[in-house]
Amino acid sequence: MSDKDLRFNSKTIHGGQSPDKAYGAVMPPIYQTSTYAQDTPGGHQGFEYSRSGNPTRAALEASLASIENGNYGLAFGSGLAAIDALMKLMKPGDEIVSTNDLYGGSYRLFKKIFEDFGLKFHFVGMQDIAAVEECINKNTRLLWVETPTNPMMNVIDIEAMAALAKRHDLLLAVDNTFATPYLQQPLDLGADIVMHSATKYLGGHSDVVVGALVVKDKELADKLYFIQNASGAVCGPMDSFLTLRGIKTLHVRMQRHCENGRIVAEYLKAHPAIEKVYWPGFEDHPNHDVAARQMKDFGGMVSFVPKGSSYDAAIAIVEKLKVFTLAESLGGVESLAGHPASMTHASIPKEEREKSGVVDSLIRLSVGIEDAADLIADLEQAIV
Ligand SMILES: *Cc1c(COP(=O)(O)O)cnc(C)c1O
């Protein structure tokens, strides 16, 4: 049976993996080496220098390709390093259309670094397909999609974006960090490139910073591999090992993240002191239909605004939480709370931020896999 025939919950464990050739180690050893002996110049066993390739990283990259139903995986030193490599496919004058409430760090990379290299970015609400099409012109090369969006939990129709990309001969890249391949597989929906901050759900234990790209097409993979090696933002063997270990339990963790996410979202929605809850599982969520079609479940990310919508009310809540830790990041086994306006999205100007709903009173929860009753009790004591 080839790896490709395995079901998702087996691919997380076995996809692209085989026992190590040296001693049959079931988990790939941490090949903590920068270089490899050659018996004659060029006479090596597949690895010559660890920026170009490392067996532990290769095992992770094979796993990434497998779980995203791609053919080629590339692992980087962070999610942003992966995006940085992808953007180097562009040339000065190229234009990129992206969503208006994307991850703050992606926005910063686009605006503060790549605009200086002659790229032009358009930010629109990509739930509105016509609005995306209006931004496309003869210079457009790439559609950059993040769905569900961070932190507003808008859902973008990947198939519709793929149709648009095809019609205008554009690349479609999807940041799949929030959903993970457990919930949606963008390559199967027509995307050319999937990107991950594996720091989040794939690693799953808040102990590494790693990024990933996965593609189906060989030519695109070759170009990205060239950039990965030429620019050099690879991840190390220890981090590759930890991420691979995380991926092996992705499906079990995601199942519980989704269950707990639903309980927390419904609790907040019924709470008299809460104004608004953003979670794509609600039937009255504006993109619920798309979410229900393209995602297997609705994930563990929930954002909300307390009544009165004041900055102080939001800060008071996040300071009182005890089981939820106030911290940046998401996707680990432990529950985290964040205040986007002052934390993850502080690099986006207030005016831009508020256009997409990231008001000063917004709180974002990464619902972990603790006992849901403890999470609810924690919210209960923090929200007054
Ligand atoms: C965290 C994150 C990134 C950036 O990844 P790093 O690993 O922190 O560099 C990109 N996109 C999304 C959606 C993220 O949550």
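Order of appearance sets the numbers: ligands from 1, and atoms from 1 within every ligand. Basis for what follows: all heavy atoms, side chains included, without hydrogens, waters or symmetry-related copies.
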What are the polar N/O contacts of ligand 1 with the protein below 3.5 Å, with distances?
| from | atom 1 | to | atom 2 | distance (Å) |
| --- | --- | --- | --- | --- |
| ligand 1 | 5 (O) | Ser197 | OG | 3.0 |
| ligand 1 | 7 (O) | Gly79 | N | 2.8 |
| ligand 1 | 7 (O) | Ser197 | OG | 2.8 |
| ligand 1 | 7 (O) | Thr199 | OG1 | 2.7 |
| ligand 1 | 9 (O) | Gly79 | N | 3.0 |
| ligand 1 | 9 (O) | Leu80 | N | 2.9 |
| ligand 1 | 11 (N) | Asp175 | OD2 | 2.7 |
| ligand 1 | 15 (O) | Lys200 | NZ | 2.8 |

Does a side-chain N-to-carboxylate-O contact under 4.0 Å join Asp222 and Lys218?
yes

Given 3.5 Å as the limit, does a donor-acceptor pair link the side chain of Gln381 with the main chain of Asp378, or not?
yes

Candidate list Arg353, Met152, His345, test side chain to side chain contact (heavy atoms under 4.5 Å, CB included), partner Leu362, passing option:
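The single option meeting the side chain to side chain contact (heavy atoms under 4.5 Å, CB included) with Leu362 is Met152.
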
Less than 6.0 Å separating the ring centroids of His288 and Phe298?
yes

Is the count of non-hydrogen atoms from other residues, nucleotides or ligands lying under 6.0 Å from Lys166 atom NZ greater than 12?
no

Going by the angle between their ring planes, with limits at 30° and 60°, are Phe110 and Phe123 parallel, tilted or perpendicular?
parallel

